[in-house]
Amino acid sequence: MNFSEVFKLSSLLCKFSPDGKYLASCIQYRLVVRDANTLQILQLYTCLDQIQHLEWSADSLFILCALYKRGLVQVWSLEQPEWHCKIDEGSAGLVASCWSPDGRHILNTTEFHLRITVWSLCTKSVSYIKYPKACQQGITFTRDGRYLALAERRDCRDYVSIFVCSDWQLLRHFDTDTQDLAGIEWAPNGCVLAVWDSCLEYKVLLYSLDGRLLSAFCAYEWSLGIKSVAWSPSSQFLAIGSYDGKVRILNHVTWKMITEFGHPATVNNPKIVVYKEAEKSPPLGHLACPPPRVAAGPLTSSESKYEIASMPVSLQTLKPAADRANPRIGIGALAFSPDNYFLATRNDSVPNAVWIWDIRKLRPLAVLEQLCTVRAFQWGPQQPRLAICTGGSKVYLWSPAGCVSVQVPGEGDFQVLSLCWHPSGDSLALLSKDHFCLCFLEMEEGMRMAFGQRGDCT
C-alpha cells in the first residue's frame with residue numbers, strides 16, 4: 001500500500017470525478033483540480049468566497065461550487081477554463097445545490113425551503129418547483145437520470161411529486177400516508193420509490209412510478225422508529241435500520257420482511273469472526289520515512305493490528321443520555337457491497353464496532369471492533385472491499401479474505417475523518433481537517449499487501 005504526499009484541504013471537500021480522471025479539492029475559496037494518477041495540478045480556480053459544497057457533473061466536464069453564505073453558485077468548465085457561470089439566488093438565499101443527471105441543469109434550494117430553482121446552463125432558462133420539504137432526504141433521481149422525485153409539504157400534509165428531467169414537467173403527484181415524511185429514495189432500477197416517516201412513527205411506504213402504493217411496512221409502534229435506509233445495488237433488498245438496534249430486510253417480490261439482524265453487545269456465535277484492534281509497538285527502524293521531529297519525542301500514535309477474539313466477546317457499549325434529543329442508539333449507518341453479497345452496519349450504541357453480514361446466507365459474518373469510535377465506512381465501487389476510519393492516523397480495510405490496519409505515514413498525526421474511493425477502486429482519498437492524501441492499493445490474493453510509501457512524507 002502506497003501513500004501520496006499530503007495536500008492542503010478545507011471543509012473535507014475532496015472528490016474524484018465520475019470518470020476517474022480528475023481529483024477536485026478545495027482550499028478556502030480556491031478550487032484545485034488535479035490529475036487523479038499523477039496528482040499534478042491541471043486547473044486552479046478562484047471563487048468569490050469560501051466554498052461550502054463541491055460537486056462534479058455526471059460527465060466530469062463541469063464542477064459546481066456552492067457558496068451558501070453568499071447565496072451563490074459558481075460553475076467551472078474543465079474543457080474551457082476561461083468559461084464560468086455564476087448563479088445568484090439573491091435575497092432568497094441558498095441552503096442546498098446539486099446537479100441534475102444530465103450535467104446541464106442545477107437545482108438550488110432557497111432558504112426556508114420556499115422553492116427549488118432549476119437553472120439551465122444551455123438555454124439560461126429558469127424553472128421553479130414549489131413546496132419542497134425540509135427533511136433528511138427530500139430529493140432523489142432515478143439512476144438512469146430520467147425522473148426526479150421530490151418530497152413536498154403543503155397544507156400540513158406530505159406529498160411526492162415526480163418530474164420528467166428532460167423538460168421538468170410534472171408526471172405524477174400524490175399524497176403519502178406519513179405524519180412527517182423524513183426521506184425518499186429510488187430503487188437502483190428506478191421502478192420503486194421508498195418513502196419513510198420520521199423517527200416518531202415506524203412506517204415505510206413503497207410506491208410505483210405511477211404513484212400506486214405497492215406496500216407498507218411497520219415493524220412496531222409507540223417507540224422510536226427508522227434511523228437509516230439503504231437499497232441493495234440489485235434492487236432486490238431494502239435494508240431498514242431502526243432505533244431498536246436491528247436491521248430488517250425486505251424482499252422485492254412481496255415487500256415482506258425476510259429476516260432481521262440484531263446487534264447484541266455480547267457476541268457468542270462461533271460462526272462470527274470477531275476482529276479486535278490492538279496496539280502494537282513498531283519494530284526499531286521500521287519507519288520508511290521517519291518524521292523530522294522523531295528524535296525530539298515519541299510518535300503521536302502507535303501502530304495497531306487485528307487479533308481474532310475467542311468467544312464470547314463483549315463489545316464496548318455506550319449508555320445514551322435519556323434526557324437529550326437524538327440519542328446515540330440504533331442503526332446509524334448501513335451500506336451494501338457493490339456485488340450485493342455483503343451488508344455493513346453500525347449500531348450507534350456500540351460505536352466502535354462494524355458488523356458485516358452475508359446477504360446470500362442471511363447471517364452475520366464478521367465484527368470489527370476498533371479502539372476508537374467508527375466515524376465512517378465505505379465500500380469500494382468494484383469489489384467487496386470495505387474501508388473504515390475512526391478519526392485516528394490509520395485506515396482499516398476488510399475483504400472476505402481478512403482485514404488489515406494501516407498507519408498513514410507522515411509528519412505529525414494525520415487524523416482520518418472521512419474517505420472516498422476512486423471509481424476504479426484502486427485508490428482512495430483520506431481526508432483530515434486540513435489535509436488529504438491518496439492511498440494506492442496493491443491488493444494480492446489473501447489480502448497480502450506491500451507496505452511502502454509514495455512521494456514525500458512531509
Which value, rounded to the nearest 0.5 Å, describes the distance between [X] atom [atom1] and [Y] atom [atom2]?
X      : Y      : atom1 : atom2 : result
Asn2   : Ser427 : CG    : OG    : 11.0 Å
Leu23  : Leu42  : CG    : CG    : 10.0 Å
Arg375 : Thr390 : CZ    : OG1   : 9.0 Å
Ser57  : Leu78  : OG    : CG    : 8.5 Å
Arg248 : Ser242 : CZ    : OG    : 4.5 Å

Below 4.5 Å, heavy atoms only, C-beta onward: do [X] and [Y] meet side chain to side chain?
X      : Y      : result
Phe261 : Leu343 : yes
Asn347 : Ile331 : yes
Cys403 : Tyr396 : no
Asp158 : Arg153 : yes
Leu431 : Leu417 : no
Tyr202 : Ile240 : yes
Leu148 : Leu107 : yes
Gln74  : Tyr29  : no

Say whether, by atom type as modelled, one donor and one acceptor occur between the side chain of [X] and the main chain of [Y] under 3.5 angstrom.
X      : Y      : value
Asp244 : Lys246 : yes
Gln137 : Ile184 : yes
Gln378 : Trp421 : yes
Ser337 : Phe342 : yes
His113 : Pro132 : no
Glu277 : Leu371 : yes
Lys8   : Ile27  : no
Tyr45  : Ser77  : yes
Glu55  : Trp99  : yes
Lys15  : Cys420 : no

Exercise. Could you give all pairs that pass the side-chain hydrogen bond (donor to acceptor under 3.5 Å, both in side chains) test and reach residues 138-148, with sequence neighbours left out?
Worked result: Thr142-Asp144
What's the shortest heavy-atom distance between [X] and [Y], and which atoms?
X      : Y      : result
Thr117 : Arg115 : OG1-NE, 3.4 Å
Leu44  : Val32  : CD1-CG2, 3.5 Å
Gly241 : Leu334 : N-CD1, 4.2 Å
Leu54  : Leu13  : N-CD2, 4.1 Å
Ala366 : Trp398 : CB-NE1, 4.1 Å
Ala151 : Leu181 : CB-CD2, 3.6 Å

Hey, can you pull the donor-acceptor pairs under 3.5 Å for the side chains in residues 82-95, sequence neighbours left out?
from	atom 1	to	atom 2	distance (Å)
Asp88	OD1	Gly90	N	2.8
Glu89	OE2	Asn108	ND2	3.0
Glu89	OE2	Trp119	NE1	2.9

For this session: Only pairs at least two apart or in different chains count here, so list each salt bridge (Lys or Arg N to Asp or Glu O under 4.0 Å) that has a residue in residues 182-192.
Result: none
Let me check something: any side-chain donor-acceptor pairs from residues 60-71 under 3.5 Å, sequence neighbours excluded? List them with distances.
from	atom 1	to	atom 2	distance (Å)
Ser60	OG	Asp19	N	3.1
Ser60	OG	Asp19	OD1	3.4
Arg70	NE	Asp49	OD2	3.2

Exercise. Trp56 vs Tyr22 aromatic rings, parallel, tilted or perpendicular, using cut-offs 30° and 60°?
Worked result: parallel
For the residue pair [Y] / [X], report whether a side-chain donor-acceptor contact shorter than 3.5 Å exists.
X      : Y      : answer
Glu152 : Ser161 : yes
Tyr275 : Gln370 : no
Ser97  : His53  : no

For this session: Apply side-chain contact (heavy atoms from CB on, under 4.5 Å) to the pair Leu200 and Leu224, showing each step before the final yes or no.
Result: CA-CA 5 Å; Leu200 298 180; Leu224 291 177; 4.2 Å; yes
For this session: Can you run down the ring pair (Phe, Tyr, Trp, His ring centres under 6.0 Å) pairs that involve residues 158-194, sequence neighbours left out, and say none if there aren't any?
Result: His105-Trp168, Tyr159-His173, Phe174-Tyr207
For this session: Please check if atom OH in Tyr341 has more than 12 non-hydrogen atoms from other residues, nucleotides or ligands closer than 6.0 Å.
Result: no
Problem set entry | Electrostatic pair Asp180-Lys133, nearest N-O below 4.0 angstrom | yes
Seminar exercise, completed: With sequence neighbours left out, the residues meeting salt bridge (Lys or Arg N to Asp or Glu O under 4.0 Å) with Asp35 are none
